[in-house]
Amino acid sequence: MKITALLTAAATVHLCLDAAVTAARAAEGAAVDALYIMVDPNKLVAPSEEIQFQRLREVREGAVEERAEAVHAAFLAWSDAEHDTTPVVQWRSVTGAEETSVLRETADTNLLVVVHNHNLDAYDALHAALWHTGKPVLLVPAAWEPKSATFSHVVVALSDHEIAADAIASAMPWLRAADHVTALRVGHPNDRAMQLCSRLQDAGIDADRRIVEPDSDNIGTQIVEEAHELGADLLVAGAYHHGSLVEWLMGGTTRHMLAAAKLPLWLEHKAL
C-alpha cells in the first residue's frame with residue numbers, strides 16, 4: 001500500500017502529512033511518499049500564455065525556488081517534531097507541470113492526499129488526482145484539526161450512482177479499521193442507494209443507518225452538515241457524477257461538498 005501526499009504549499013505541509021499518516025495507520029505496511037512538484041516556468045513545455053502566468057505568480061507567491069525551499073523546510077520541521085509516524089515518510093521532489101507530473105509520478109500509488117488550498121498548484125493537483133488518475137483522493141480542508149490518531153468515525157454517503165460503490169470499495173480498509181461507520185442517505189428509505197448497505201454488510205461492516213429527507217436542492221451541503229452533526233472525522237463519497245463541463249456550468253453535489261466540508265473527504269471519480 002502506497003500513499004502519496006501531494007505537497008502544494010508550505011503552510012499546509014503539516015496538514016497533508018498528518019492526514020497521510022492518519023490514513024496509513026489503518027493500512028498495514030503502508031508507506032507514505034511526500035511529493036512536491038516544482039512548477040518552473042523556465043523548464044515548462046507549455047503554451048506561452050501558461051508560462052507567462054506561472055511567472056506572474058512570483059509577484060504574489062515568491063520565486064519558484066523560494067516556494068520549493070519553504071515546502072522542503074516545512075517537511076523537515078514536521079519530520080523533526082514528535083510524531084507517531086509508523087510508516088516511513090519519504091521526501092521526493094520533481095520539476096514539471098503540476099497535472100502531468102501528478103499522473104506520471106503517482107502511477108503506483110493507491111491513495112492520493114491533497115489539502116484544499118486556494119492556490120494554483122493545489123487546484124491543478126486536485127484536478128489531476130480526481131479527474132484523471134482514477135484513484136481515491138483524501139481531500140483535507142485547510143482548517144482541519146485532527147481529532148484522533150485514526151479516522152475512528154467514518155460516514156459513507158450513499159448514492160444510486162456507481163461511483164459511490166467505487167468509493168466504498170476503495171475505502172474498505174479504512175471502513176474496517178474504523179470504530180464506527182454510518183451509512184448516510186439524503187433521500188428516501190426505499191430508494192436504490194440503500195442497496196449499498198448490503199455491500200457493507202457483506203464486508204463485515206456493521207454500519208448504522210441515517211436517512212434524512214432532502215431539505216433543499218443543495219444535497220452536497222446537506223450531506224456534509226449531517227456528517228458534521230454525527231461527529232464524523234471522515235466522509236466517503238463518489239465524486240462528480242457528471243462530466244467536468246456540466247459540473248463547471250451548473251455546479252453539483254461534489255462542488256457543494258468541497259465548499260462546505262470542514263472534515264476530510266474520501267472522494268473517487270472514474271470516467272464512465
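Given the structure is predicted, the values throughout are model-derived calculations rather than measurements. Side chains are part of it too, since the values below use all heavy atoms of this structure and drop only hydrogens, waters and symmetry mates.
- Scanning both residues, P136 and S170, for their nearest heavy atoms gives CB-OG, 3.7 Å.
- The distance from the CG atom of N218 to the CD atom of E225 is 8.0 Å, given to the nearest 0.5 Å.
- Rounding to the nearest 0.5 angstrom, the gap separating the CD1 atom in I223 from the CE atom in M257 is 5.5 Å.
- At a threshold of 4.5 Å between non-hydrogen side-chain atoms, the residues L112 and T133 count as touching.
- Cluster membership check: M172 shares its hydrophobic cluster with V181, using side-chain heavy-atom separations under 4.5 Å among Ile, Leu, Val, Met, Phe, Trp and Tyr.
- The CD1 atom of I163 sits 11.0 Å away from atom CD1 of I168, with the distance rounded to the nearest 0.5 Å.
- The CG atom of L126 sits 10.5 Å away from the CD atom of E98 when rounded to the nearest 0.5 Å.
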Stepwise side-chain contact (heavy atoms from CB on, under 4.5 Å) check, R210 with R185 | CA-CA 6 Å; R210 169 79 169 161; R185 175 57 176 166; over 6 Å; no
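- Ring pair W266/W174 is tilted by interplanar angle, where 30° to 60° counts as tilted.
- Counting all heavy atoms, side chain and backbone alike, A167 lies closest to A237 at CB-O, 3.5 Å.
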Report the C-alpha distance between S152 and H180 in whole Å, list the side-chain angles of each, state the deciding distance to 0.1 Å, and finish with yes or no for side-chain hydrogen bond (donor to acceptor under 3.5 Å, both in side chains).
-> CA-CA 6 Å; S152 59; H180 187 188; over 6 Å; no
R67 vs V64, side-chain contact (heavy atoms from CB on, under 4.5 Å): CA-CA, chis, key distance, verdict | CA-CA 5 Å; R67 300 200 301 269; V64 174; 3.9 Å; yes
Kindly determine whether T8 and N117 satisfy side-chain hydrogen bond (donor to acceptor under 3.5 Å, both in side chains), including the steps that lead there.
-> CA-CA 8 Å; T8 57; N117 294 324; 2.7 Å; yes
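- A heavy-atom distance below 4.5 Å is not found between the side chains of D121 and I37.
- A single hydrophobic cluster is not seen to contain both Y123 and Y36; linkage of ILVMFWY side chains at heavy-atom distances under 4.5 Å, directly or through other members, places them apart.
- More than 12 heavy atoms of other residues, nucleotides or ligands shown are found within 6.0 angstrom of CD on E213.
- Minimum interatomic distance between C197 and R209 (heavy atoms only, all atoms of both residues): CB-NH2, 3.5 Å.
- A continuous path of ILVMFWY side-chain contacts below 4.5 Å connects V94 to L6, so both sit in one hydrophobic cluster.
- Put simply, L76 and M38 are part of the same group of oily side chains (I, L, V, M, F, W, Y) that touch within less than 4.5 Å, one to the next.
- The pair K135-E268 does not meet the salt-bridge criterion, since no charged nitrogen lies less than 4.0 angstrom from a carboxylate oxygen.
- Heavy-atom neighbours of D206 CG from other residues, nucleotides or ligands within 6.0 Å: at or below the threshold of 12.
- Looking only at side-chain heavy atoms (C-beta outward), L234 and L263 stay at 4.5 Å or farther from each other.
- For K147, the NZ atom counts as densely surrounded, since its 6.0 Å shell holds more than 12 non-hydrogen atoms of other residues, nucleotides or ligands.
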Run the numbers on S79 and V89 for side-chain contact (heavy atoms from CB on, under 4.5 Å), then give the verdict.
-> CA-CA 8 Å; S79 300; V89 181; 5.8 Å; no
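- How far OG1 of T22 is from CG of L15: 10.5 Å, rounded to the nearest 0.5 Å.
- Smallest separation of non-hydrogen atoms from N119 and A9: ND2-CB, 3.6 Å.
- Between V114 and V140, the closest side-chain pair of non-hydrogen atoms is not below 4.5 Å.
- Rounding to the nearest 0.5 Å gives a distance of 8.0 Å between OG1 of T12 and CG of L7.
- Using cut-offs of 30° and 60° on the angle between ring planes, the pair H72 and W91 is tilted.
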side-chain hydrogen bond (donor to acceptor under 3.5 Å, both in side chains) assessment of D233 paired with H153 | CA-CA 6 Å; D233 43 24; H153 184 186; over 6 Å; no
Check the pair T4 / V113 against side-chain contact (heavy atoms from CB on, under 4.5 Å), numbers first and verdict last.
-> CA-CA 6 Å; T4 296; V113 184; over 6 Å; no
